[in-house]
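To start, the structure under review is shown below, and the notes come after it.
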Amino acid sequence: MGFALFSTAQFALAARDALQHLVFDAESKSVLHAEMAKKNLFVKRGIVGDSNAYDQSKRLRTGGDCTHSVYSPSPFHPPPPQVWGPPHGYLSPAAPPYDPYGGYHAPPVPMPPSAPIAAPSSYVPVQNVKDNPPCNTLFIGNLGENINEEELRSLLSAQPGFKQMKVLRQERHTVCFIEFEDVNSATNVHHNLQGAVIPSSGSVGMRIQYPF
DNA sequence: AGCACA
């Protein structure tokens, strides 16, 4: 068993899903099991770094939550050296019980529920898709030629964190944009509904990506 | 592969 630390929760989630069920020993058919750690060795507080590492002008879209994820050529940021606890007096009888998380109470991490809210009828595998940095908005394509917008909306608006949906109808391709409250909600839907089949779209599975 | 609104 082992632990791996990533620079952001999104990266950790992505790595977990990428490695999940990986067969690491074909002979013994051993399958890798990956899950999010219950606690972090290092807890980040406050704003997560500066974001001048990449062009912000293109990221000021829907809500602008895309700027919450930091991108740099090397995805691993070594955590800064951390001073634990007050420098003196922490063993005095009057001192409050030592809290290793320094009063930081982690927000409940919205783990994807075992059964998603509005489950689509079926899924179709989606090929290795090139994707963009995680964002609070999703781009959805491959919806089929006569997709019913209401059907689409009822599935997507039922997803936790849903904010708004914009549909872009074109000659042959209809695509849509879904905005969520935060990057995490978007990330969950990104893999919960990847390849989901909406009845009116025929038998094709939707392709979900983060926008350009 | 098709990527808008602010």
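Chain letters run A, B, ... following the sequence lines, proteins first, then strands; residues in each count from 1.
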Between A:Asn146 (CG) and B:dG2 (P), how many Å, whole number? 21 Å
Whole angstrom is fine here: how far is it from CZ in A:Arg169 over to C1' in B:dG2? 13 Å
To the nearest angstrom, how far is A:Arg207 atom CZ from B:dC3 atom C1'? 13 Å
In whole angstroms, the gap separating C1' of B:dC3 from CD of A:Glu171 amounts to 17 Å
Using a distance-only test with no angle check, is there a side-chain donor-acceptor pair under 3.5 angstrom linking A:Glu171 and A:His173? no
Between A:Phe139 and A:Phe177 (judged by ring centroids, cut-off 6.0 Å), do the two rings come close enough to count as a pair? yes
Across the strands shown, which category fits A:Gln209 at heavy-atom distances under 4.0 angstrom: base, sugar-phosphate, nothing? base
Between the base of B:dG2 and the side chain of A:Arg172, is there any donor-acceptor pair under 3.5 Å? no
Between A:His173 and A:Lys166, which is nearer to the 5' end of DNA chain B once each is assigned its nearest nucleotide? A:His173
Quick check on the hydrophobic clustering: are A:Met165 and A:Leu193 connected, directly or via other members, by side-chain heavy-atom contacts under 4.5 Å? yes
In whole angstroms, the gap separating C1' of B:dC5 from CG of A:Leu138 amounts to 15 Å
From the list B:dC3, B:dA1, B:dA4, which nucleotide is the closest neighbour of the side chain of A:Thr137? B:dA4
Atom pair distance, as rounded to whole Å: CG in A:Asn142 and P in B:dC3: 14 Å
Whole-Å distance separating the CG atom of A:Leu143 from the P atom of B:dA4: 15 Å
In this structure, how many angstroms lie between the P atom of B:dA4 and the CZ atom of A:Phe180, rounded? 19 Å
If you group Ile, Leu, Val, Met, Phe, Trp and Tyr by side-chain heavy-atom gaps below 4.5 Å, do A:Ile140 and A:Val167 land in one group? yes
